[in-house]
2 protein chains.
Amino acid sequence: MKNLPSIDEVARLAGVSIATVSRVMNNSKPVNPETRKRVERAIAATGYRGNAAGRSLAMAQSHLLMVLVPDFANPFYAQIVQGVESVIRPAGYKLLLTDAAGDEAPHTTALDAIYNRLADGVINLAHLNDDGTLLGELRNLPWVNCSEYLPKAGPPYVSIDHRQAAIDAVQFLLNRGHRRIGLITADETYRWAQLRHEGYEMAIERAGLKPDAQLVRLAASLDYDAGAQAAGGLLALLEPPTAVFAVSDTLAIGAIKAFRRAGRRVPEDIAVVGFDDLPLSAVFEPALTTVSQPMRELGATAAEILLARLSGQRPASRTLGHQLVVRDSA
Amino acid sequence: MKNLPSIDEVARLAGVSIATVSRVMNNSKPVNPETRKRVERAIAATGYRGNAAGRSLAMAQSHLLMVLVPDFANPFYAQIVQGVESVIRPAGYKLLLTDAAGDEAPHTTALDAIYNRLADGVINLAHLNDDGTLLGELRNLPWVNCSEYLPKAGPPYVSIDHRQAAIDAVQFLLNRGHRRIGLITADETYRWAQLRHEGYEMAIERAGLKPDAQLVRLAASLDYDAGAQAAGGLLALLEPPTAVFAVSDTLAIGAIKAFRRAGRRVPEDIAVVGFDDLPLSAVFEPALTTVSQPMRELGATAAEILLARLSGQRPASRTLGHQLVVRDSA
DNA sequence: CTGAAAGCGCTAACAG
DNA sequence: CTGTTAGCGCTTTCAG
């Protein structure tokens with residue numbers, strides 16, 4: 001690649017100092033209109049565009065924000081990232097994306113980015129090991145957690161109220177007259193899974209029903225198959241549930257497929273409620289009744305918090321609203 | 001954020017010059033084991049991690065690669081990005097992601113990144129306006145196009161043979177005895193749409209059938225609804241098709257929904273073949289018969305080409321294989 | 001309103 | 001094997 005023009009070529013051509021060129025590039029200080037015109041012409045003539053590294057070094061800012069994503073291929077995260085970008089870009093920042101999958105220590109990557117000054121801040125969507133020290137450290141860094149509910153001691157976060165959302169979902173089933181409601185949960189080192197599980201238990205108890213451990217199934221992963229398998233366990237019960245709440249749509253869909261294969265109709269024989277409202281969930285048949293999270297807004301809010309943090313404020317965590325979307329599966 | 005230690009603090013603490021610190025940081029030159037140890041201790045003591053901007057400036061390399069994505073939320077692209085990252089990361093590069101949607105001039109953003117030296121190279125997944133000048137310019141830059149077939153005059157690309165893939169899909173339908181085959185195509189400024197359309201026409205003609213313009217419908221977008229609407233047009237024909245090839249799975253699924261709503265069974269009354277093999281397509285019922293592209297491999301190959309380009313080689317374009325996945329919809 | 005000059009933090013000759 | 005030194009390209013006082 002050929003050598004790019006640098007600021008002093010432009011200065012020489014325009015017959016000004018590099019300081020002036022810098023000023024017109026950034027509109028940072030008033031410049032005489034005539035001079036400005038000359039500089040602009042020189043910029044156009046040379047095709048000068050500036051050099052990011054020089055700029056970053058001088059300003060001690062990279063204008064890059066890192067987003068740590070657990071899994072690119074999951075559209076759930078993709079929408080959050082869109083939300084992030086929508087507020088970051090107008091503010092002059094760019095996205096440094098890292099897939100936490102395949103990274104032994106994902107948050108180390110992100111921490112490095114900050115300490116390296118590669119990124120000015122981090123928005124983390126990935127699971128954080130509840131290491132007390134880590135949380136304390138993050139608190140003092142330009143770091144925001146998104147879609148994971150964190151203890152007060154940690155950095156600010158944006159999330160929905162997972163527990164309440166689960167209560168809403170189960171309450172909906174209760175309102176429809178269901179009394180035997182199963183739960184398909186996922187790895188509960190994920191705090192959202194744990195919270196949704198808690199919500200399920202609370203709703204059941206509040207309704208005066210007695211919890212039945214047999215009705216709770218732990219899916220091996222978030223895949224359809226894992227959902228189907230967990231559903232199979234429920235079906236095998238002497239007294240199977242008449243309704244199931246799954247902590248994610250993928251699990252719910254897997255469960256529905258399993259129920260159907262076993263000759264059960266959904267929702268007539270067994271109702272299913274999911275969580276997330278993936279794009280797929282509306283298209284699937286029966287269309288899924290599920291809890292929808294404001295994905296883009298989660299991302300946008302996280303970005304706003306981070307930007308506020310970068311401008312020296314101390315923004316608080318935020319909890320956004322969720323919504324039960326009633327469709328055909330329950 | 002507190003001030004980070006810089007290289008000369010480490011040097012002072014270790015009693016060496018900054019050059020030596022640099023050498024142990026990068027393992028760039030032999031260093032006496034004893035000295036190294038002292039430096040390492042100083043690094044640990046200060047928590048020194050280096051500064052990306054200083055490094056970039058001195059080396060004239062950012063170790064950042066930009067990927068220009070038309071739409072984050074589309075899982076198709078997400079998988080390509082995963083492929084890219086899988087080869088980029090071990091090579092010490094990081095991903096700078098940009099969503100082309102909502103950007104008036106997406107490739108300008110990418111070009112800026114190169115000219116700014118913000119990124120060392122670009123992998124573009126977005127549609128490129130066939131501006132002859134642009135293609136010529138890109139040819140000389142560290143730029144690779146992925147999943148779009150480009151003229152020879154442009155920069156290297158990685159893609160499948162869209163035309164042949166479409167021929168395969170339609171031929172499959174012909175082999176099953178269909179003689180009246182509809183096409184649901186999309187905005188043909190997308191070269192892949194245009195090529196798949198061409199493949200459709202070629203297969204029809206080779207089979208000795210005469211093309212019928214009425215059987216070709218242009219969907220307004222790639223949404224399910226657009227597919228449904230196009231399908232409606234086909235259904236309204238005096239002599240509707242017995243099979244349909246849609247240039248994308250989303251369109252195919254929309255079409256299936258429309259057919260079902262109209263009381264047609266798929267595939268019994270009307271067979272449908274899609275394109276892309278989205279994750280959803282296997283889960284949908286009926287499971288979609290479709291053409292699958294090697295997404296991750298497309299991304300990985302693009303990254304390899306770009307890396308080769310960066311190391312001074314002149315890698316050629318590559319065409320990867322596709323595969324017809326026969327499931328239940330046809 | 002403009003210029004000179006001092007860095008920002010690092011790498012890479014070059015000398016020793 | 002190690003230190004000195006000259007930049008890399010830019011922003012930002014500080015004078016004028």
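Lettering of chains follows the sequences in order, A, B, ..., and the numbering in each one begins at 1. In this text, all values refer to a predicted model and were calculated from it rather than measured experimentally.
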Keeping the roles fixed (side chain from [X], backbone from [Y]), state whether a donor-acceptor pair exists under 3.5 Å.
X      : Y      : value
A/R139 : A/G154 : yes
B/R89  : A/D99  : yes
B/R117 : A/N51  : no

Choose from [options] the nucleotide whose nearest atom is closest to any side-chain atom of [X].
X     : options               : answer
B/S17 : C/dC10, D/dT11, D/dT4 : D/dT4
A/I7  : D/dC10, C/dC10, C/dT2 : D/dC10
B/P30 : C/dA5, D/dC1, D/dT5   : D/dC1
A/I18 : C/dT2, C/dG9, C/dA5   : C/dA5
B/V16 : D/dG3, C/dC10, D/dT11 : D/dG3

Any B/S22 side-chain N or O less than 4.0 Å from OP1/OP2 of C/dC10: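 So the side chain of B/S22 is outside the cut-off, no N or O lying under 4.0 Å from OP1 or OP2 of C/dC10.
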N or O in side chain of B/T20 less than 4.0 angstrom from D/dC1 OP1/OP2: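 For B/T20, the contact criterion (side-chain N or O under 4.0 Å from OP1 or OP2 of D/dC1) is not met.
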Residue pair B/S62 / B/L118, side-chain heavy-atom distance below 4.5 Å: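 Heavy-atom side-chain distance check fails, nothing below 4.5 Å.
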I need the [atom1]-[atom2] distance between [X] and [N], as an integer number of Å.
X      : N      : atom1 : atom2 : answer
B/Q61  : C/dC10 : CD    : P     : 17 Å
A/R38  : C/dC1  : CZ    : P     : 14 Å
B/M59  : C/dG9  : CE    : C1'   : 13 Å
A/N51  : C/dC8  : CG    : P     : 18 Å
B/R117 : D/dC10 : CZ    : P     : 11 Å
B/M25  : D/dT2  : CE    : P     : 17 Å
B/R36  : D/dC1  : CZ    : P     : 10 Å
A/N27  : D/dT11 : CG    : C1'   : 15 Å

Is there any protein nitrogen or oxygen under 3.5 Å from a nitrogen or oxygen in nucleotides 13-16 of chain D, and what are the pairs?
none

